[in-house]
Amino acid sequence: MPIIVRTATELDAAAIGEAHAESWRIAYQPLFSPEFLAEAVDERRVMWPAVFANEGFSYTTLLVAEDENGVFAFTHFGPTADPQGAAEIYGFYAHPRGWGTDAATMLMSEAIEELKAAGFSRAVLWTHQGAERAQGFYSKSGCI
């Protein structure tokens, strides 16, 4: 099965949490103390059912990438509080098993198309200082 990008459902919450947690665990290991990182990883692994249940979730979009082994990457985006109407990419993460595939490019392309279709002319995103993998991808994608 090739990689497909689709809108996430509540049934994807556990897989999204696993991708989010493992991405943090590997990518941010050099950036944070082991204690902070362990807590952050645990939090990300279980937070997604609450994200889906949040009343404001309906104003955002959550896309996932999946292959024959299931969901392994996601992007979450929507409006900001910016009075000029910018969008924000709140999260963009892939399980390390998906690093080096086309999933990130596919997710970013779809996110950009959906943001344009929703009338946004610009979007903001941020990365942790030292997150070279993410910064390299965003730069290659024309995002920064």
Roughly how far, to the nearest 0.5 Å, is the [atom2] atom of [Y] from the [atom1] atom of [X]?
| X | Y | atom1 | atom2 | value |
| --- | --- | --- | --- | --- |
| Phe72 | Ile16 | CZ | CD1 | 12.5 Å |
| Glu18 | Arg44 | CD | CZ | 14.0 Å |
| Leu31 | Thr127 | CG | OG1 | 9.5 Å |
| Leu62 | Thr7 | CG | OG1 | 8.5 Å |

Do Ser23 and His95 have side-chain N/O donor and acceptor atoms under 3.5 Å apart?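 No pair is found: no donor N or O on one side chain lies under 3.5 Å from an acceptor on the other.
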With a 6.0 Å cut-off on ring centres, are Trp48 and Phe74 close enough?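 Yes, close enough.
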Do Asp12 side-chain atoms and Thr9 backbone N/O form a donor-acceptor pair below 3.5 Å?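 Flag set: sc Asp12 to bb Thr9 pair under 3.5 Å.
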Within the distance-only criterion (no hydrogens, no angle test), does the side chain of Thr75 pair as donor or acceptor with the backbone N or O of Gly91 below 3.5 angstrom? yes
Is the shortest distance from a Lys or Arg side-chain nitrogen in Arg45 or Glu22 to a carboxylate oxygen in the other one below 4.0 Å? yes
Report, one line per pair, each donor and acceptor closer than 3.5 Å where one atom sits in a side chain of residues 104-123; sequence neighbours left out.
{"residue": "Ser109", "atom": "OG", "partner": "Thr105", "partner atom": "O", "Å": "3.0"}
{"residue": "Arg122", "atom": "NH2", "partner": "Asp82", "partner atom": "OD2", "Å": "2.6"}

Would a single hydrophobic cluster contain both [Y] and [X], if residues Ile, Leu, Val, Met, Phe, Trp and Tyr are joined by side-chain heavy-atom contacts under 4.5 Å?
| X | Y | result |
| --- | --- | --- |
| Ile89 | Met47 | no |
| Leu125 | Phe92 | yes |
| Tyr93 | Leu37 | yes |

Test Ile3 against Glu68 for side-chain contact (heavy atoms from CB on, under 4.5 Å), laying out the working first. CA-CA 8 Å; Ile3 296 170; Glu68 66 275 358; over 6 Å; no
Compare every heavy atom of [Y] with every heavy atom of [X], then report the nearest pair and how far apart it is.
| X | Y | result |
| --- | --- | --- |
| Ile26 | Pro30 | O-CD, 4.2 Å |
| Ala103 | Ala65 | CB-CB, 4.0 Å |
| Val71 | Ala15 | CB-CB, 3.7 Å |

Side chains of Val5 and Val64: closer than 4.5 Å at any heavy-atom pair?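 Of all side-chain heavy-atom pairs linking Val64 with Val5, none is under 4.5 Å.
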Do the rings of Phe36 and Phe32 sit parallel, tilted or perpendicular, given the 30° and 60° boundaries?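 Because their plane-to-plane angle lies in the 30° to 60° range, the rings of Phe36 and Phe32 count as tilted.
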Using 30° and 60° as the class limits, which term best fits the ring planes of Phe57 and Phe52: parallel, tilted or perpendicular?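 Rings of Phe57 and Phe52: tilted, as their planes differ by 30° to 60°.
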Under the criterion salt bridge (Lys or Arg N to Asp or Glu O under 4.0 Å), I'd like the reasoning laid out for Arg25 against Asp42: C-alpha separation, chi angles, the key distance, then a yes or no. CA-CA 9 Å; Arg25 188 179 68 77; Asp42 289 345; over 6 Å; no
